[in-house]
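Bear in mind the structure is a predicted one, so any value in this text is a computation, not a measurement. As the structure lists them, so they are numbered: ligands from 1, and atoms in each ligand from 1.
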Amino acid sequence: MADRPVVFSGMQPDGVLHLGNLLGALRPWVQEQSLYRNYFCVVDLHALTRQEPRDLAQKTREVAALYLAAGIDPEQSTLLVQSHVPEHAELAWILGCFTPMGWLERMTQFKDRSRKLSSERIGSGLFSYPVLMAADILLYKTDLVPVGEDQRQHLELTRNLALRVNRILGDTFVIPRAKIGSIGARVMALDDPSSKMSKSADSEAGRIGLLDPPDRVRAKFRRATTDSGTAVDLETASPGVQNLLEIYRSLTGAGERELAEVFQGKGYGRLKEVVADVVIQELEPIQRRCHDLLQDPVALDRLLADGAARARGSAGATMAQVRQRLGMLPAR
Ligand code: TYM
């Protein structure tokens, strides 16, 4: 077990998880869970950058329950809440002192989010968000970080930061690699296939919530944006149609041939029905298990406490090394 590569990944409890989170991250985590030593984190400190932390405890439990419901096995993987392991925030401060401002100014997610607000209203946590993410990853000497496409730039910053600190302090951190799938790593909004499906978009119509009931899932797919055509042509499919096909491929593992057999020349109405069917089938058992898990918050909290205790073992060892290399006076 100890010699397996270390995996770390996380999700923010800043809304209900959606199909993009499932296909881009959660499902790949589950599928490859037995190959690695895993840490799966609910990153509640990151969610504070939204500056409207409503129902944070409830959402944190919900994300943890969805991890388990989707198949994360707490025997095989360490499941933790970020704020339960204070070393995350401590390492983030230290790394922040080594992170050039220019690197953070170039982050496209920061630019996108901050464009909507004046600098008087943006918390500096939004700016240093990628530093906390780097701390999450580097704390566990992580080898691989399975994420969706939108996290690629943050991972690049994490790698550069680890290289920089290693140069200054001597070999301290493992240089992690992003693990981004070839299918499902960028699920687009159903109502606007030019932007990614996201928890924060105002429009509910664009995302399939993992807890959406079947009739809502079906209604959202029926209204999904396609184009002015009527039948599927795999060669020339528009972004909206491609997005639906990709969701299907991601869930069924269908190859090009099967895709052609099922959809080529068939109407968009049928495409939407078939894709809605496979999504509903996938979500049904997840929703049932999630509902059951949330019935017993005490058991869930106990499991998260176990996970945090395990995580603190590794995180504490890294921090002891970092403090020593920085020449900090040990507390007696
Ligand atoms: P978050 O909470 O935005 O998203 C969680 C995971 O879901 C992926 N994802 C998507 N994949 C495909 N299509 C989409 N439309 C889509 N939307 C989201 C994300 O890429 C991510 O893998 N910064 C991270 C959380 C984080 C983290 C970490 C991740 C904090 N520390 C350390 C890895 C390692 C985030 O905001 O994820």
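- In terms of polar-atom proximity, defined here as any N/O pair under 3.5 Å, Glu149 makes no such contact with ligand 1.
- Taking every heavy atom of Arg186 and a limit of under 4.0 angstrom, the matching atoms of ligand 1 come to 12 (C), 13 (N).
- For ligand 1 and Gln12, the ligand atoms under 4.0 Å from any heavy atom of the residue are 2 (O), 35 (C), 36 (O).
- Trp103 and Met101 fall within the same hydrophobic cluster, defined by Ile, Leu, Val, Met, Phe, Trp and Tyr side-chain heavy atoms under 4.5 Å apart, directly or through other members.
- Results of the side chain to side chain contact (heavy atoms under 4.5 Å, CB included) test with Arg270 over Val275, Val262, Val232 single out Val262 as the only residue that passes.
- In Met11, the parts holding a heavy atom less than 4.0 Å from any atom of ligand 1 are both the side chain and the backbone.
- For the residue pair Thr60 / Asp44, no side-chain donor-acceptor distance below 3.5 Å is found, with atom types taken as modelled.
- Between His154 and ligand 1, not a single N/O pair is under 3.5 Å apart.
- Listed by atom number, the atoms of ligand 1 under 4.0 Å from Gly24 heavy atoms are 11 (N), 12 (C).
- Around CZ of Arg325, the count of heavy atoms belonging to other residues, nucleotides or ligands within 6.0 Å exceeds 12.
- Contacts between Val147 and ligand 1, counted as non-hydrogen atom pairs separated by less than 4.0 Å, involve both the backbone and the side chain.
- At the top of the distance list for atom 18 (C) of ligand 1, counting protein heavy atoms only, stands Asn21 ND2, 3.3 Å.
- The aromatic rings of Tyr129 and His154 sit tilted, their planes meeting at an angle between 30° and 60°.
- Only the backbone of Ala185 comes within contact range of ligand 1, with a heavy atom under 4.0 Å; no side-chain atom does.
- By the criterion of a heavy-atom distance under 4.0 Å, the side chain of Lys199, and not its backbone, is placed next to ligand 1.
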Between Arg323 and Glu90, does the salt bridge (charged side-chain N to carboxylate O under 4.0 Å, His left out) criterion hold? Intermediate values first, please.
CA-CA 10 Å; Arg323 285 191 211 105; Glu90 185 185 0; 3.0 Å; yes
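- To the nearest 0.5 angstrom, Lys199 atom NZ is 6.0 Å from His18 atom NE2.
- Residue Val187 has at least one nitrogen or oxygen atom sitting less than 3.5 Å from a nitrogen or oxygen atom of ligand 1, judged on distance alone.
- The closest heavy-atom contact to atom 20 (O) of ligand 1, among the options Ile180, Asp150, Leu17, Ile137, comes from Asp150.
- Ligand 1 has no N or O atom lying under 3.5 Å from any N or O atom of Ser9, backbone or side chain.
- Counting only non-hydrogen atoms, the option in Gly20, Gly10, Cys41 that gets closest to atom 10 (C) of ligand 1 is Gly20.
- Residue contacts with ligand 1 for His18 involve side-chain atoms from C-beta outward but no N, CA, C or O (heavy atoms, distance under 4.0 Å).
- Ring-plane geometry between Phe8 and His88 is classed as tilted, the angle between the planes lying from 30 to 60 degrees on a 0 to 90 degree scale.
- Using modelled atom types and a 3.5 Å distance limit, the side chains of Gln153 and Thr108 yield a donor-acceptor pair.
- At a 3.5 angstrom cut-off on N or O pairs, Phe8 does not count as close to ligand 1.
- Only the side chain of Val145 comes within 4.0 Å of ligand 1, judged by heavy-atom distances.
- Distances from ligand 1 to the non-hydrogen atoms of Leu23 include no value under 4.0 Å.
- In terms of N/O distances under 3.5 Å, ligand 1 is approached by Tyr129.
- With Glu32 as the partner, the salt bridge (Lys or Arg N to Asp or Glu O under 4.0 Å) test is satisfied by one option alone out of Arg37, Lys179, Arg27: Lys179.
- Counting heavy atoms under 4.0 Å from ligand 1, residue Asp14 does not touch it at all.
- A continuous path of hydrophobic side-chain contacts links Val187 to Met11 [ILVMFWY only; heavy atoms under 4.5 Å].
- The proximity of Ala25 to ligand 1, defined as any non-hydrogen pair under 4.0 Å, is limited to the side chain.
- Among all non-hydrogen protein atoms, the one lying nearest atom 37 (O) of ligand 1 is Gln151 NE2, 4.0 Å.
- The shortest N/O to N/O separation between Gly184 and ligand 1 does not fall below 3.5 Å.
- Atoms of ligand 1 found under 4.0 Å from any heavy atom of His46, numbered from 1 in the order shown, are 30 (C), 31 (N).
- Using a 4.5 Å cut-off on side-chain heavy atoms (C-beta onward), Pro13 and Glu62 make no contact.
- Side-chain atoms of Ser314 and Tyr39 form a donor-acceptor pair, as typed in the model, at a separation below 3.5 Å.
- Protein heavy atom nearest atom 31 (N) of ligand 1, with residue, atom name and distance: Asp136 OD2, 2.7 Å.
- Shortest contact from atom 28 (C) of ligand 1 to any protein heavy atom: Met133 CG, 3.4 Å.
- A continuous path of ILVMFWY side-chain contacts below 4.5 Å connects Leu294 to Phe40, so both sit in one hydrophobic cluster.
- The local environment of CG in Asp202 is sparse, with at most 12 non-hydrogen atoms from other residues, nucleotides or ligands closer than 6.0 Å.
- Within the set Ser200, Gly148, Gly15, the minimum heavy-atom distance to atom 22 (O) of ligand 1 is found for Gly148.
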Assess whether salt bridge (charged side-chain N to carboxylate O under 4.0 Å, His left out) is satisfied between Glu204 and Lys220, documenting all intermediate values.
CA-CA 9 Å; Glu204 258 260 5; Lys220 286 179 183 172; 2.9 Å; yes
